[in-house]
Number of protein chains: 2
Amino acid sequence: MTGKTRVTMRDVAAASGVSQATVSFVLNDAPGQTIPAATRERVRRAADELGYRPHSIARALREGASRIVVLEAGGLPRGHHLSSFIAGLDEELGAAGFGLLVSYGEGVSARAAITAIEPRAVIDLPAVCAGPDHDVADGGWIDGMVAHRLVQLRHLVARGHRAVAVAVPAGDDPFLALMAGQVRDAAEELGLPEPLPLVVDGDPEKPVGALKAGVTAVAALTDDLALGVLAVLADTGLSAPGDLAVIGFDDTPHGALWRPALTTVRLDARAYGRRTARTLLGLPVGDARPAPARVIERASA
Amino acid sequence: MTGKTRVTMRDVAAASGVSQATVSFVLNDAPGQTIPAATRERVRRAADELGYRPHSIARALREGASRIVVLEAGGLPRGHHLSSFIAGLDEELGAAGFGLLVSYGEGVSARAAITAIEPRAVIDLPAVCAGPDHDVADGGWIDGMVAHRLVQLRHLVARGHRAVAVAVPAGDDPFLALMAGQVRDAAEELGLPEPLPLVVDGDPEKPVGALKAGVTAVAALTDDLALGVLAVLADTGLSAPGDLAVIGFDDTPHGALWRPALTTVRLDARAYGRRTARTLLGLPVGDARPAPARVIERASA
DNA sequence: TTGTAAGCGTTATCAG
DNA sequence: CTGATAACGCTTACAA
């Protein structure tokens, strides 16, 4: 009868005829310790056979923090980039024996949960972006953003557009506001006139107003915003790219589904995720070098 | 100089001139204990002033599980329903002092994190749905599903449709397969012929095939699938609802954006979330009674 | 009515 | 090279 009680280090120690401490040393590969290979093997096997799993809560209590890192993804636009970034984090953290928890800012209880976890670190992308200080272990995610916007705008410029608007959301979201700033910076770098903000709120007047102002193309902060532009365009009988070229940013599945299919920009967010994890863990960046952003050319621009 | 060390119960005890145990009793409202109001007040104030925060890890170690419940949302379609369900959970769990963690099955590290947390409970909706046993603390979410599909189909029937297809995804997803079964059950209950599956994979032949087979309306498992149908319809020069009526399920923002705007079904998922939380906590359901599902009528059906 | 003390499972420090 | 032993912060019998 396999008792209902948890298998602890004591059990492993008893089973392998050593002390609890020795078990701890063996199982954690204690640095700079000399334990006979024979003993190590014996301990390892005992642990295996008994099905020993370290009790992470006890460990966390002892270590002062759990082996979990939290990603605060509350204000971030969901989509391909975020998922890939998470996948990258997952990969590296998992390999290092760390757990990753993604919090989408669901509410009070999520916040409560995070404090209850005593995470080793929390990656707060929105906060990072809100502040002026970019000296954070963000793996170059932020600083590269302007570069990424450059490829978005260059695609438009290469097609002869100069008067571009930037599609922004109706409310004010700190993260998206930051993104808008990056588009402006990129436009300046390309010597374009300052892009007009085109707020996407379902009002068909907005795009026709932009059109009247001479705008010929729209760079959207996200794919979803691009889709919003496409929708109101369709409402007014206009279409992309004929009347207005529209390019997104994120390469969401929805964009590919739309008609006209959305031209967009895709980042190697997975590599950014890996890089972020590695710098967080104090590891060398290694092979986690992100590929440059690239345009996914479809129909809308 | 506020030391960097954590404020512990000992500190509070020292500051209020009682013992650690008394502090614990007071702060946890120990049931069936008689501590003079004066003392309680003193302890509470001391805790406040020192900024005492209970150390959840230590508590978890002692209690055998953390005060966190995990929602496994891995295989679930994202959208309005899921968000609302989560919001409902959040509300009730937060009020009870529990934390909620939502796992979107991000990967190995997420799994590692969950085991590292020793949650009080984990709500595994996909697993619940995969098994034949619905006697789970799901707050009636599952059992009501057929009823919800009835309102989806009834909307079609009320508009004269009898030959309906059900839009399903290309791969096989256990949760979506379950949903498909519910649609079939609902169709049977309405005395409709068994709905043909219409797999949404971007192939325009699929809908025209359905059309040829006499299908006049499509009930989609999710809004996103409905959108997929709308997209290929547009590709072939057909449109909804003229050629084929399409109704979604979930009321995602994307659906409202589409042209033609998607008619869909919306559940009171928040109430289901609240109910799930309450039954999980062993509380009476109280006022967490879900409103019936209702059709959001837009253009596509 | 309040205080003492024994753990929860782990890791780390010292003597042997 | 190994084995006691002491924390980590909290809960809860049980003793005073």
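Labels below follow one simple rule: chain letters A, B, ... track the order of the sequence lines, proteins then strands, and each chain is numbered from 1.
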Taking [atom1] from [X] and [atom2] from [N], how many angstroms apart are they, rounded to a whole number?
X: B/Met9; N: D/dC8; atom1: CE; atom2: P; result: 15 Å
X: B/His55; N: C/dC8; atom1: NE2; atom2: P; result: 19 Å
X: A/Arg42; N: D/dT2; atom1: CZ; atom2: P; result: 8 Å
X: B/Gln20; N: C/dG7; atom1: CD; atom2: C1'; result: 13 Å
X: A/Glu63; N: C/dT10; atom1: CD; atom2: P; result: 12 Å
X: A/Leu27; N: C/dT10; atom1: CG; atom2: P; result: 9 Å
X: B/Tyr52; N: D/dG9; atom1: OH; atom2: P; result: 10 Å
X: A/Glu41; N: D/dC1; atom1: CD; atom2: P; result: 17 Å

- Pairing of A/Asp11 and A/Arg53 as salt bridge, 4.0 angstrom limit: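 No, this pair does not count.
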Out of [options], whichever nucleotide has its closest atom nearest the side chain of [X]:
X: B/Arg62; options: C/dT10, D/dT12, D/dG3; value: D/dT12
X: A/Ser19; options: C/dG3, D/dG3, C/dT11; value: D/dG3
X: B/Phe25; options: D/dC10, D/dT12, C/dT11; value: D/dT12
X: A/Val18; options: D/dC10, C/dG3, D/dG3; value: D/dG3
X: B/Pro36; options: D/dC10, D/dG3, C/dT2; value: C/dT2

- Message: Please find the pair of heavy atoms, one from B/His80 and one from B/Asp251, that lie closest to each other, and give the distance.
- Response: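 The answer is CB-O, 3.3 Å.
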- Message: Taking any heavy-atom pair under 4.0 Å as a contact, classify B/Leu61: base, sugar-phosphate, or nothing.
- Response: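 Answer is base: heavy atoms of B/Leu61 come under 4.0 Å of a base.
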Would one find a side-chain N or O of [X] under 4.0 angstrom from OP1 or OP2 of [N]?
X: B/Thr22; N: C/dG3; value: yes
X: A/Arg59; N: C/dT11; value: yes
X: B/Thr39; N: C/dT2; value: yes
X: B/Thr8; N: D/dG9; value: no

- Message: Are there over 12 heavy-atom neighbours, none belonging to B/Asp172, within less than 6.0 Å of that residue's CG?
- Response: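 No, because the 6.0 Å sphere around CG of B/Asp172 holds 12 heavy atoms or fewer from other groups.
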- Item | NE2 on A/His254 to CG on A/Asp224, rounded to 0.5 Å |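 That separation rounds to 7.0 Å.
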- Message: So, taking the atom named CG in B/Leu89 and the one named CZ in B/Arg275, what distance separates them when rounded to the nearest 0.5 Å?
- Response: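 The CZ atom of B/Arg275 is 12.5 Å from CG of B/Leu89, to the nearest 0.5 Å.
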